[in-house]
Amino acid sequence: MLIGVPKEIKPDEYRVGLTPESVQALTAANHEVMVLSNAGLGIGKTDEEFKQSGAVIVKTREEIFDQAEMIVKVKEPQLEECALLKENQILFTYLHLAPDPDQAKALINSGASAIAYESVKADDDSYPLLTPMSEVAGRMAVQAGASCLEKAKGGKGLLIGGVTGVDAANVVIIGGGVVGINSIEVAIGMQANVTVLDKSATRLDYLESIFGDKLNAVIANSENNKDYIQAADLVIGAVLVPGASAPKIITRDLVKLMKPGSVIVDVAIDQGGCSETSHATTHSDPTYVEEGVLHYCVANMPGAVPLTSTYALNQATMPYVMSLANNGFCQALLNDKGLCEGLNICNGKVTIEAVAKEQGYEYIAPMEMLNMISSDQ
């Protein structure tokens with residue numbers, strides 16, 4: 001299979017779809033890999049390193065999109081990239097379609113088959129391609145929040161861990177999943193007062209078994225959410241509803257009750273954000289103030305540490321990339337139910353139920369779509 005790796009064009013995105021080591025593994029398996037010139041500079045990898053791994057370096061993204069049978073990226077394609085996609089082409093990347101109807105429409109019109117990293121499932125129902133970036137984002141969220149609390153950054157001028165005789169910051173983490181547990185670990189390590197809100201008593205019991213009395217684990221409901229969020233110095237939104245837009249846990253009225261100079265870091269912004277006051281920002285311009293509260297809503301947080309993020313992501317994605325390359329689109333998905341669940345758009349149809357429901361499209365189950373394709377061949 002001919003695999004194409006373009007350079008990411010989302011603002012402040014420095015990751016790359018494949019590392020030189022991943023390219024070498026693919027070329028060793030008799031696949032061809034095209035890499036756009038300078039695509040790896042964000043992680044310190046030169047064209048020469050990709051060439052030594054067996055890649056062909058090309059000068060324009062049009063060559064990539066015109067010739068490659070599979071496009072491997074990191075972030076969702078921008079609309080100008082969607083316009084270059086074509087029928088019978090595989091796109092394998094993060095998509096986050098639920099809050100992005102323009103991208104969904106463009107992918108439908110392209111006729112390409114788009115598999116979303118964040119929708120691929122493992123046998124235990126976890127999301128193996130979302131997990132590594134959630135780990136990075138969870139750890140970064142506390143770093144970013146601690147920085148935002150500094151007065152010069154727009155915060156209240158509070159040291160997250162406090163000092164002798166001065167209280168530490170109150171950090172509230174909404175959601176105890178992968179982002180949440182990594183945020184908890186870092187926040188406790190920085191000696192903050194940490195509360196996690198989660199709807200699952202079982203999950204809270206698990207988190208308490210790990211962190212003990214260093215963590216205040218509280219059932220998420222409207223009353224508890226209000227009490228803890230309005231008293232927080234830093235709130236980290238770590239909510240995930242797979243495939244769907246994030247629920248608006250933090251209303252504007254609740255933001256109004258928060259202390260001036262407090263901070264919201266909305267990690268759920270990729271799926272639309274869990275606060276009514278959230279909108280996506282970039283690493284170049286990461287924050288804004290709404291209702292007296294500083295918001296950090298960078299939609300590609302792991303892009304700030306692209307070397308760590310790219311290698312962590314490739315460790316997870318490469319078995320799937322190799323399967324698609326070795327077996328072809330249909331057979332790879334038929335062989336792996338979890339990979340099949342990652343199919344979001346195929347032949348102009350929506351194959352992820354949450355997106356179809358939110359955006360008013362007809363839903364076709366991925367397996368049904370594959371059977372239709374197989375019968376036509």
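Index from 1, following the sequence.
In this pair, Tyr288 and His279 present their aromatic rings parallel. The plane angle is below 30°, not in the 30 to 60° band.
A continuous path of hydrophobic side-chain contacts links Leu130 to Met301 [ILVMFWY only; heavy atoms under 4.5 Å]. Ile174 and Ile184 fall into different hydrophobic clusters, defined by Ile, Leu, Val, Met, Phe, Trp and Tyr side-chain heavy atoms under 4.5 Å apart, directly or through other members. In this structure, Leu97 is not a member of the same hydrophobic cluster as Ile115, with clusters built from ILVMFWY side-chain heavy atoms closer than 4.5 Å. No continuous path of hydrophobic side-chain contacts links Ile173 to Ile250 [ILVMFWY only; heavy atoms under 4.5 Å]. Both Val23 and Val321 belong to a single network of hydrophobic side chains, linked directly or stepwise wherever heavy atoms of I, L, V, M, F, W or Y lie under 4.5 Å apart.
The local environment of CD in Glu223 is sparse, with at most 12 non-hydrogen atoms from other residues, nucleotides or ligands closer than 6.0 Å. Atom OH of Tyr311 is surrounded by more than 12 heavy atoms from other residues, nucleotides or ligands within 6.0 Å. Shown here is Gln191, whose CD atom has no more than 12 heavy atoms of other residues, nucleotides or ligands within 6.0 Å. Within a 6.0 Å radius of NZ in Lys105, other residues, nucleotides and ligands contribute 12 heavy atoms or fewer. For Asp123, the CG atom counts as loosely surrounded, since its 6.0 Å shell holds 12 or fewer non-hydrogen atoms of other residues, nucleotides or ligands. For Lys349, the NZ atom sits in a loose shell: 12 or fewer heavy atoms of surrounding residues, nucleotides or ligands are nearer than 6.0 Å. Under a cut-off of 6.0 angstrom, the local environment of NZ in Lys248 is crowded, with over 12 non-hydrogen atoms contributed by other residues, nucleotides or ligands. Applying the 6.0 Å contact sphere to NZ of Lys10 captures more than 12 heavy atoms from other residues, nucleotides or ligands.
A donor-acceptor contact shorter than 3.5 Å is absent between the side chain of Gln271 and the backbone of Ala268. Formation of a donor-acceptor pair under 3.5 Å by the Ser209 side chain with backbone atoms of Tyr206 is found in this model. A donor-acceptor distance shorter than 3.5 angstrom exists from the side chain of Thr27 to the backbone of Gln24, with no hydrogens or angles considered. Between the side chain of Glu69 and the main chain of Gln89, no donor-acceptor pair closer than 3.5 Å is present. Judged by distance alone, with hydrogens and angles left aside, the side-chain atoms of Tyr94 form a donor-acceptor pair with the main-chain N or O of Leu129 at under 3.5 Å. Put simply, the side chain of Ser183 gets close to the backbone of Val179: a donor and an acceptor are under 3.5 Å apart. The backbone N or O of Pro302 sits less than 3.5 Å from a side-chain atom of Ser309, completing a donor-acceptor pair. Ser110 places no side-chain N or O within donor-acceptor distance of the main-chain N or O of Leu85, the cut-off being under 3.5 Å. Side-chain atoms of Asn224 come within 3.5 Å of backbone atoms of Ile219 as a donor-acceptor pair (strictly under, hydrogens ignored). Judged purely by atom type and a 3.5 angstrom limit, Ser147 has no side-chain atom pairing as donor or acceptor with the backbone of Gln143.
A distance of 9.0 Å separates SG of Cys82 from CD of Glu76, quoted to the nearest 0.5 Å. Atom OG of Ser113 and atom CZ of Phe329 lie 3.5 Å apart (nearest 0.5 Å). Note that the CE atom of Met133 and the CG atom of Asn300 stand 11.5 Å from one another [nearest 0.5 Å]. Taking CE from Met1 and CG from Asn327, the interatomic distance works out to 9.0 Å, rounded to the nearest 0.5 Å. Ile71 contributes atom CD1, which lies 5.0 Å from atom CZ of Phe65 (distance to the nearest 0.5 angstrom). In this structure, Leu84 CG and Leu79 CG are separated by 11.5 Å, a value rounded to the nearest 0.5 Å.
Asn344 and Ala116 make their closest contact through OD1-CB, 3.5 Å (heavy atoms, listed as atom of the first residue, atom of the second, distance). Of all heavy-atom pairs spanning Ser278 and Asp266, the tightest one is OG-OD2, 2.7 Å. Residue Gln359 comes nearest to Asp100 through the heavy atom pair NE2-C, 4.0 Å, listed as atom of the first residue, atom of the second, then distance. Of all non-hydrogen atoms in Lys121 and Tyr127, the two that sit nearest each other are CE-OH, 3.0 Å. Residues Ala68 and Gly4 share a closest heavy-atom pair of CB-N, 3.5 Å. When all heavy atoms of Gly17 and Asn314 are compared, the closest pair comes out as O-ND2, 3.0 Å.
The pair Glu81-Lys7 fails the salt-bridge criterion, with no side-chain N (NZ, NE, NH1 or NH2) lying under 4.0 Å from an Asp/Glu carboxylate O. A salt bridge links Arg15 to Glu13: at least one charged side-chain nitrogen sits closer than 4.0 Å to a carboxylate oxygen. Of the charged side-chain nitrogens involved, at least one lies within less than 4.0 Å of a carboxylate oxygen, so that Asp270 and Lys75 count as a salt-bridged pair.
In summary, the side chains of Asp124 and Ser126 do present a donor paired with an acceptor at a separation below 3.5 Å, with no hydrogens or angles considered.
Here the options are Glu290, Glu291, Arg252, His295, the test is side-chain hydrogen bond (donor to acceptor under 3.5 Å, both in side chains), and the partner is Thr277; only His295 passes.
Using a 4.5 Å heavy-atom threshold, the side chains of Thr46 and Asn38 count as separate. Residues Leu370 and Cys340 are in side-chain contact: their nearest non-hydrogen atoms beyond the backbone lie under 4.5 Å apart. Side-chain contact between Met369 and Cys346: present, with at least one pair of heavy atoms (C-beta onward) separated by less than 4.5 Å. Counting heavy atoms from C-beta outward, Gln67 and Met34 have side chains that approach closer than 4.5 Å. When side chains are defined from C-beta on, Tyr228 does not count as touching Val235, because their heavy atoms never get closer than 4.5 Å. Taking 4.5 Å as the limit, every side-chain heavy atom of Asn193 sits out of range of all side-chain heavy atoms of Val171. The shortest distance between side-chain heavy atoms of Leu95 and Leu91 falls below 4.5 Å. Taking the side chain as every heavy atom from C-beta outward, Val58 and Ile64 approach each other to under 4.5 Å.
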Exercise for the section: Assess whether side-chain contact (heavy atoms from CB on, under 4.5 Å) is satisfied between Val194 and Phe211, documenting all intermediate values. Expected result: CA-CA 10 Å; Val194 184; Phe211 298 107; over 6 Å; no

Exercise for the section: Dump the intermediate steps for side-chain contact (heavy atoms from CB on, under 4.5 Å) on Val72 and Met70, then the final yes or no. Expected result: CA-CA 6 Å; Val72 179; Met70 176 165 60; 4.1 Å; yes

Handout entry: Intermediate values then yes/no, side-chain contact (heavy atoms from CB on, under 4.5 Å), Ile373 and Asn347
Key = CA-CA 9 Å; Ile373 294 172; Asn347 290 2; 3.7 Å; yes

Exercise for the section: Run the numbers on Ile160 and Leu234 for side-chain contact (heavy atoms from CB on, under 4.5 Å), then give the verdict. Expected result: CA-CA 9 Å; Ile160 192 169; Leu234 168 61; 4.1 Å; yes

Practice task
Verify side chain to side chain donor-acceptor pair (under 3.5 Å) between Thr60 and Glu63, making sure each step is shown before the conclusion.
Solution key: CA-CA 6 Å; Thr60 68; Glu63 292 175 80; 3.1 Å; yes

Practice task
Could you check Asp198 against Ser200 for side chain to side chain donor-acceptor pair (under 3.5 Å), going step by step and ending with a plain yes or no?
Solution key: CA-CA 6 Å; Asp198 196 283; Ser200 169; 4.6 Å; no

Exercise for the section: Dump the intermediate steps for side chain to side chain donor-acceptor pair (under 3.5 Å) on Thr19 and Ser22, then the final yes or no. Expected result: CA-CA 5 Å; Thr19 66; Ser22 295; 3.2 Å; yes

